[in-house]
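Structure record follows, encoded as structure tokens.
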Amino acid sequence: MRFWRFLANLRVTLKKLIEGWSDQTRTAVAGWHVLAIQDTSEIRFATTKENRRGLGKVKKGTCRGVSLHAMLAVDADSGACLGPVTGEIWTSKGYVKVPHGKRALADKESHRWLTTAEQGKEFLAEARLITVIDDREGDFYAHWARTRAGNVHHLCCAMHDHALVKDGTLYKAVKGVRFCARAVIDVPKRMDRTARKANLSLRFGSVALKRPTRTGETYLPESVALNFVEVIELHPPEGDKPIHWLLLTTHEIDTVAKALQIVRWYKLRWIIEQFFRSMKSQGVRIEDSQLETAERLMKLVAVAAKAAAIVIQLVQARNGGEELPAEFALSAEEIEILAAINKKLQGKTKLQKNPHSTKTLAWATWIIARPGGWTGHASHRPPGPSTIHYGLMRFQAFAAGWALKNV
């Protein structure tokens, strides 16, 4: 009931909840090369004809729900999630009568890729270098023309066969370049493919995109210079969808090593897909909510997004590796509570003690996973997103009790 009242409070706005995503991330990114990975996902909620809960239709199917566009900060070297950055949450207002080509950029849904990137520059200002990484929907001319600035670069999978300054198009220019190297990447399991190592053929080069003739944004430069890397899995396993990425970027690519680096950075985009799964099927299970109004459901999505990002950070840290500070995901008070719980959880032998450095994310994961059902034994299966989520739920109950200690 208290949480229901929190979401119903008019002073609790969606804007403020989203602004809170970056509270710890702003500090965590200082001095790092940050991959600012953004993507959009649909959160679907059960409705009836008699009760649509104020929700609009989502793009795929006849379901009702809200759309979440989010940006995560990820360390370019280790792939560690440094936290959520910013984004937008909305529900459809109905069919738009004005054709897409005649709408101003600010009135198109694609504009969110550009505005989120602009906001990300502010929130990630302490980073040494920023690379904004988008899925195919982020491939539009205004984005290429406006996102690159100072220490900010752009990397995206191509969706359009752009016209080039020289005669021809992007796809034709790419086909004119010979494959020059091979790469092997680990491919995670998905509905359309099995987990495997993919053997890829690689080629790279440079192009200059020509400003579209039908765009209303005549203030944009007449051309944008980009580099491309194409990787193709020529012989995928039978029945599996082959890997084929045509990547465009503002980063300089003049060697095979730099081209392979671009591929490795883009591969880390899968982290945001794990983030969305953590919100839905693994962990938070946001789509099971019974809240009755779209306004409160959108606020709930904003809260769940922050929680899902913390789950991703803790899951990544479970095996130790690069030990990041716990303050990247948790508050000072929460870390103090974890230290008290840790004393109770540890046994007398070395194998029964928390093996990680104090006040690191790995240390926090070992503690939080225990009330989630994990045994704590290194020989047992490491805790997954669901275990971490349940552990966080229990931990929040401990934190609520801790807050009463001085009352």
Are K258 and E252 within salt-bridge range, i.e. N to O under 4.0 Å? yes

Salt bridge check: are E88 and R112 linked by an N-O gap of less than 4.0 Å? yes

Evaluate side chain to side chain donor-acceptor pair (under 3.5 Å) for D75 paired with S78, printing each intermediate quantity in order. CA-CA 6 Å; D75 172 35; S78 67; 2.6 Å; yes

Could you walk me through whether R26 and E126 pass the salt bridge (Lys or Arg N to Asp or Glu O under 4.0 Å) check? CA-CA 7 Å; R26 288 172 183 262; E126 298 300 317; over 6 Å; no

Go through the steps to decide whether T360 and H356 satisfy the test side chain to side chain donor-acceptor pair (under 3.5 Å), and finish with yes or no. CA-CA 7 Å; T360 62; H356 307 289; 5.7 Å; no

Kindly state whether the ring of W144 and the ring of H154 have centres lying under 6.0 angstrom apart. yes

Is the distance from the ring center of W265 to that of H251 below 6.0 Å? yes

Between CD of Q24 and OG of S331, what distance do you get to the nearest 0.5 Å? 7.0 Å

How many angstroms lie between atom CZ of F140 and atom NE2 of H160, to the nearest 0.5 angstrom? 8.5 Å

Parallel, tilted or perpendicular for F6 and F3, by the 30°/60° rule? parallel

Please report the C-alpha distance between R285 and D288 in whole Å, then the side-chain angles of each, then the deciding distance to 0.1 Å, and finally whether the salt bridge (Lys or Arg N to Asp or Glu O under 4.0 Å) criterion is met. CA-CA 6 Å; R285 302 188 70 86; D288 292 344; 3.1 Å; yes

Intermediate values then yes/no, side chain to side chain donor-acceptor pair (under 3.5 Å), Q38 and D135: CA-CA 8 Å; Q38 57 175 337; D135 196 6; over 6 Å; no

For a side chain to side chain donor-acceptor pair (under 3.5 Å) check, start with the C-alpha distance between D161 and T169, then their side-chain angles and the critical distance, and finish with the verdict. CA-CA 6 Å; D161 190 14; T169 64; 3.0 Å; yes

Nearest heavy-atom neighbours spanning K306 and P84: CD-CG, 4.1 Å

Between T131 and H153, is any side-chain donor less than 3.5 angstrom from a side-chain acceptor? no

R53 side chain to A46 backbone, donor-acceptor under 3.5 Å: yes

Side-chain donor or acceptor of K299 paired with backbone N/O of V12 under 3.5 Å: yes

Audit row: R196, E233, salt bridge (Lys or Arg N to Asp or Glu O under 4.0 Å) steps and yes/no: CA-CA 12 Å; R196 65 180 188 279; E233 187 180 17; 2.6 Å; yes

